[in-house]
S.K.: 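First the structure, then my questions, so here it is.
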Amino acid sequence: MIEQANQKQEDDSINLLEYWYVIWKRKILIGIIFGGSVVLAFILCLLSDKIYESNTSLVSPESGVGSSLLSGLGATAGLASIAGISTPSVSPNRDLLVGVLKSRTIQEKIVNQFNLINYYHKKKIANLIPFKQLEYVEDAVKYLQDVTNIEVSEEGVIVVTVKDKTPHMAADIANAYVENMGQIVSELGTGAAGRQ
């Protein structure tokens, strides 16, 4: 049994040496492929467009604090829970803000505010990338969703990230998310306060 184990180890070491021999024999070809890949990657990095990323952070007020921005939405959420409609339970203010930021209403407002149908159309043509022409708001909204990320950090901060080839456009769109969210929340808050 010990002899079989020793023979198996010898067979394994022979196989490894055979593999190393094959690699050593083809070292020039491997070097050419590796060097060509590095040069090609470097050229592609130089020729590719820069993508800029803009972040906007938003801290939601604590629930129960009664902030002017979310007091109406908090009252609306309370009425919804009484009526039997399910609402987020862990942190209602933060979940409401994230929901508003991801809403179709805000995305359509941003598309119209920055005329993103034409903007994204021109950006695609400038890069000679084949694509379906952006003719409808739906197409621009879908593209906006692709370049936007809205998430909550571990600390509970809402972060809106927008990517674009133009730094000021990325920053403007990220800021527009927060501005439009503020308008919508204040409208909803005013309506709920007026009904009460």
Side-chain angles (χ1 to χ4, degrees), residues 41 44-63 65 67-77 80 87-88 90-193:
L44 288 176
C45 285
L46 290 177
L47 295 177
S48 65
D49 292 330
K50 292 181 182 177
I51 301 293
Y52 297 94
E53 187 175 274
S54 178
N55 295 326
T56 301
S57 300
L58 178 68
V59 179
S60 65
E62 296 291 327
S63 56
V65 168
S67 70
S68 61
L69 183 65
L70 288 175
S71 60
L73 269 181
T76 306
T87 56
V90 178
S91 54
N93 288 343
R94 185 177 62 217
D95 293 341
L96 284 170
L97 288 177
V98 170
V100 170
L101 284 169
K102 290 182 176 181
S103 70
R104 171 81 180 199
T105 304
I106 284 190
Q107 292 168 350
E108 286 182 1
K109 281 186 174 191
I110 291 172
V111 165
N112 293 329
Q113 179 181 351
F114 293 101
N115 194 14
L116 292 182
I117 294 175
N118 291 334
Y119 178 75
Y120 288 145
H121 178 73
K122 289 177 185 174
K123 287 289 178 187
K124 291 283 192 172
I125 287 178
N127 294 321
L128 301 175
I129 299 172
F131 75 107
K132 176 184 162 191
Q133 183 175 352
L134 296 174
E135 296 177 355
Y136 304 106
V137 173
E138 176 68 32
D139 298 328
V141 165
K142 181 160 179 16
Y143 194 84
L144 179 63
Q145 290 170 347
D146 290 342
V147 298
T148 303
N149 185 27
I150 300 170
E151 60 184 11
V152 180
S153 69
E154 293 176 2
E155 296 82 18
V157 177
I158 301 168
V159 180
V160 179
T161 304
V162 178
K163 295 179 182 177
D164 196 80
K165 294 174 183 171
T166 313
H168 69 83
M169 183 59 99
D172 290 346
I173 292 174
N175 291 329
Y177 266 97
V178 177
E179 292 167 6
N180 285 312
M181 185 265 317
Q183 291 173 358
I184 289 176
V185 168
S186 63
E187 288 170 10
L188 289 174
T190 304

S.K.: Return the CD1 to CD1 distance between I173 and I110, rounded to the nearest 0.5 Å.
M.R.: 7.0 Å
S.K.: Can you sort out the partners of V152 under side chain to side chain contact (heavy atoms under 4.5 Å, CB included), two or more places apart, ordered by chain and number?
M.R.: R94, V98, I158
S.K.: Any donor and acceptor pair, going by atom type alone, linking the side chain of S186 with main-chain N or O of Q183 inside 3.5 Å?
M.R.: yes
S.K.: Answer yes or no: is there a side-chain heavy-atom contact under 4.5 Å between M181 and L58?
M.R.: yes
S.K.: Under a plain distance cut-off of 3.5 Å, with no hydrogens placed, do Y120 and D146 share a side-chain donor-acceptor pair?
M.R.: no
S.K.: Under the side-chain hydrogen bond (donor to acceptor under 3.5 Å, both in side chains) test, which residues partner E53, sequence neighbours left out?
M.R.: none
S.K.: Going by side-chain hydrogen bond (donor to acceptor under 3.5 Å, both in side chains), name the residues that satisfy it together with D172, two or more places apart in sequence or in a different chain.
M.R.: none
S.K.: Give a yes or no on this: more than 12 heavy atoms of other residues, nucleotides or ligands lie within 6.0 Å of atom NZ of K109.
M.R.: yes
S.K.: Side chains of V111 and I117, heavy atoms from C-beta outward: is any pair under 4.5 Å?
M.R.: yes
S.K.: The criterion is side chain to side chain contact (heavy atoms under 4.5 Å, CB included); which residues satisfy it with S153, sequence neighbours excluded?
M.R.: E155, V157
S.K.: What's the separation between atom OH in Y177 and atom NZ in K102, rounded to the nearest 0.5 Å?
M.R.: 10.5 Å
S.K.: Could you give the distance from CD1 (I106) to CD1 (I150), rounded to the nearest 0.5 Å?
M.R.: 7.5 Å
S.K.: Roughly how far, to the nearest 0.5 Å, is CG of D164 from CE of M169?
M.R.: 6.5 Å
S.K.: Measure the spacing between OH of Y52 and NE2 of H168 and express it to the nearest 0.5 Å.
M.R.: 10.5 Å
S.K.: Rounded to the nearest 0.5 Å, what separates atom CG in L144 from atom CD in E108?
M.R.: 11.0 Å
S.K.: Applying side-chain hydrogen bond (donor to acceptor under 3.5 Å, both in side chains), can you list everything that pairs with N55, at least two apart in sequence or on another chain?
M.R.: T161
S.K.: Just jot down the side-chain hydrogen bond (donor to acceptor under 3.5 Å, both in side chains) partners of S54, sequence neighbours excluded, or say none.
M.R.: none
S.K.: Who passes salt bridge (charged side-chain N to carboxylate O under 4.0 Å, His left out) against E138, sequence neighbours left out?
M.R.: R104
S.K.: Does T148 reach the side chain of Q107, with side-chain heavy atoms less than 4.5 Å apart?
M.R.: no
